[in-house]
Amino acid sequence: AQSVTQLDSQVPVFEEAPVELRCNYSSSVSVYLFWYVQYPNQGLQLLLKYLSGSTLVKGINGFEAEFNKSQTSFHLRKPSVHISDTAEYFCAVSESHDMRFGAGTRLTVKP
Amino acid sequence: SAVISQKPSRDICQRGTSLTIQCQVDSQVTMMFWYRQQPGQSLTLIATANQGSEATYESGFVIDKFPISRPNLTFSTLTVSNLSPEDSSIYLCSGKDNPYEQYFGPGTRLTVT
């Protein structure tokens, strides 16, 4: 069965600094990988997804992620963060019909 | 992509009562799911809502506590029964119209007093 580990529960960073949110997964078969963002008191919004093809995936709001099969990782990056990026970020994996989420990483961007 | 709405957006309920949450999708989706997000936690899958048949529940969730209906391809309800303070959570509905991506509703914030 698939599972997801987000290695950092909280990531504080200053505005305009780069950030990386780490995600590792385990699965016995090919998977689809996702990053979602949840702003306070809101639902989940898809940032980006990896289905196949190029291992570097670009998403909305300047985020990108790289799929690394050998390391079973799918880390999320942004070269320069804004205050408005403060939110909870969830990595998710899907093998078939359902989706499993990591515990989440709280990104706090400080001025 | 599908747009999903949920009603109510939030509610405060008394212990021992029940709350029914509605999930409406603006287009037909093959699969619908219900998740629970406890305070400060990640999402946990409750069940897959199957059209015209009983939902498929994940370990730790039972039909008596979380009855689910899905009468057609665009609508589902989740009832949380016999409420206790431990049921205070955000409940999210999602839909899927392809093998890859799930679309999420905005969630229903339930507080049990």
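FYI, side chains are in, hydrogens and waters are out, and symmetry mates aren't considered; it's all heavy atoms of this structure. Within every chain, numbering begins at 1; the chains are lettered A, B, ... in the order of the sequence lines, protein sequences first and strands thereafter.
- Following chains of ILVMFWY side-chain contacts shorter than 4.5 Å, one can reach A:Phe74 starting from A:Tyr89, so the two form part of one hydrophobic cluster.
- Between B:Gln37 atom CD and A:Phe101 atom CZ the span is 9.0 Å, to the nearest 0.5 Å.
- Contact of B:Tyr35 with chain A is made through the side chain alone, with heavy-atom distances under 4.5 Å.
- With hydrophobic clusters built from ILVMFWY side chains whose heavy atoms lie under 4.5 angstrom apart, B:Ile4 does not share a cluster with B:Phe104.
- Criterion: ILVMFWY side-chain heavy atoms under 4.5 Å apart, direct or through other members. Under it, A:Val19 and A:Leu7 are not part of a common hydrophobic cluster.
- Of the atoms belonging to B:Leu45, it is side-chain heavy atoms, and not backbone ones, that fall under 4.5 Å from chain A.
- Using a 4.5 Å cut-off between side-chain heavy atoms of Ile, Leu, Val, Met, Phe, Trp and Tyr, with links allowed through other members, B:Phe33 and B:Val29 fall into different hydrophobic clusters.
- Looking at A:Arg100, the atoms closer than 4.5 Å to chain B (heavy atoms on both sides) all sit in the side chain, from C-beta outward.
- Residue B:Gln41 touches chain A through its backbone alone, counting heavy-atom pairs closer than 4.5 Å.
- Looking at every heavy atom in both residues, B:Ser42 comes nearest to A:Ala103 through CB-CA, 3.6 Å.
- Of all heavy-atom pairs spanning A:Phe34 and B:Glu101, the tightest one is CE2-CA, 4.0 Å.
- Under the 4.5 Å side-chain heavy-atom criterion for Ile, Leu, Val, Met, Phe, Trp and Tyr, A:Val109 and A:Val37 are members of the same hydrophobic cluster.
- Between the NZ atom in B:Lys96 and the CE atom in A:Met99 there is a gap of 6.0 Å [rounded to 0.5 Å].
- Contact residues of residues 42-58 of chain A toward chain B are A:Gln42, A:Gly43, A:Leu44, A:Leu46, A:Lys49, A:Leu51 (heavy-atom distance under 4.5 Å).
- For the atom pair OH (A:Tyr32) and CD (B:Gln102), the distance works out to 13.0 Å, reported to the nearest 0.5 Å.
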